[in-house]
Amino acid sequence: MAKERTFSIIKPDAVAAGNAGHILQQLTDGGLRPVAMRLVQLTTAQAEGFYGVHRERPFFRDLVKFMTSGPVVVQVLEGENAIAKNRELMGATDSKKAAPGTIRQKYGTDIERNAVHGSDAPETAKFEIGFFFSGAELATLSVG
Ligand code: CMP
């Protein structure tokens with residue numbers, strides 16, 4: 001499998017709890033290296049746009065409220081099979097059901113406050129990376 005890029009968010013719960021560094025270390029130990037990273041406070045419009053596919057879901061309003069409740073770390077991770085690898089390291093969406101040792105199990109609380117987001121497919125990764133980072137920021141970056 002060739003080197004791939006995925007998009008990741010360390011969510012407000014994890015940043016507020018001081019766990020961003022631990023999470024970054026776990027991702028790096030798992031073979032994923034950040035090639036772009038920013039600490040941002042999302043606006044409501046940004047959170048709504050980013051999670052637009054969930055607009056009709058009953059949890060959408062709460063999700064937007066949570067994601068704008070404090071700063072988040074947005075980043076592009078690079079590595080072998082990065083999309084699947086990141087999802088494996090994160091664990092199941094619901095922190096209560098995530099496997100022991102996964103990021104969501106260790107640093108999340110439930111299905112909403114689940115510490116991290118990661119792209120679920122190549123098309124999603126492309127959209128999500130482009131949502132936060134320009135081509136100029138990413139064009140020349142590569143690790144390893
Ligand atoms: P994330 O990977 O960021 O993608 C969409 C988010 O919506 C998901 O993580 C959860 O935090 C949230 N989510 C998904 N399903 C539910 C649900 N049933 N109730 C509340 N939040 C949810």
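First listed ligand is number 1; within each ligand, the first listed atom is number 1. Numbers here simply count residues along the sequence, with the first being 1.
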What's the shortest distance from atom 10 (C) of ligand 1 to any protein heavy atom, and which residue and atom give it?
-> I111 O, 3.1 Å
Looking at atom 8 (C) of ligand 1, what's its closest protein heavy atom, distance included?
-> T93 CG2, 3.8 Å
Nearest heavy-atom approach of T6 to A125 is CA-CB, 4.3 Å
In terms of side-chain heavy atoms, does K97 have a donor or acceptor partner in Q105 at a distance below 3.5 Å?
-> no
Determine whether the side chains of E137 and S134 contain a donor N or O and an acceptor N or O closer than 3.5 Å.
-> yes
Within a distance under 4.0 Å of any heavy atom of H54, pick out the atoms of ligand 1 and give their elements.
-> 5 (C)
Where ligand 1 meets E112 - atom numbers and elements under 4.0 angstrom, heavy-atom basis | 11 (O)
So is H117 polar-close to ligand 1, meaning N/O to N/O under 3.5 Å?
-> yes
Are any of the N or O atoms of R57 closer than 3.5 Å to those of ligand 1?
-> no
Given Y51, F66, F59, F60, which has its nearest heavy atom closest to atom 5 (C) of ligand 1?
-> Y51
Heavy atom under 4.0 Å from ligand 1: found in R104's side chain, backbone, both, or neither?
-> side chain
Please find out if less than 6.0 Å separates the ring center of F132 from that of F7.
-> yes
Heavy-atom donor-acceptor pair, N19 side chain to H22 backbone, under 3.5 Å = no
Applying a strict 4.0 Å limit to heavy atoms, is K11 in contact with ligand 1?
-> yes
Spacing of CG belonging to L32 relative to CG belonging to L24, to within rounding of 0.5 Å | 10.0 Å
Evaluate the ring planes of H117 and F50, with Trp represented by its six-membered ring, and classify them as parallel (under 30°), tilted (30 to 60°) or perpendicular (over 60°).
-> perpendicular
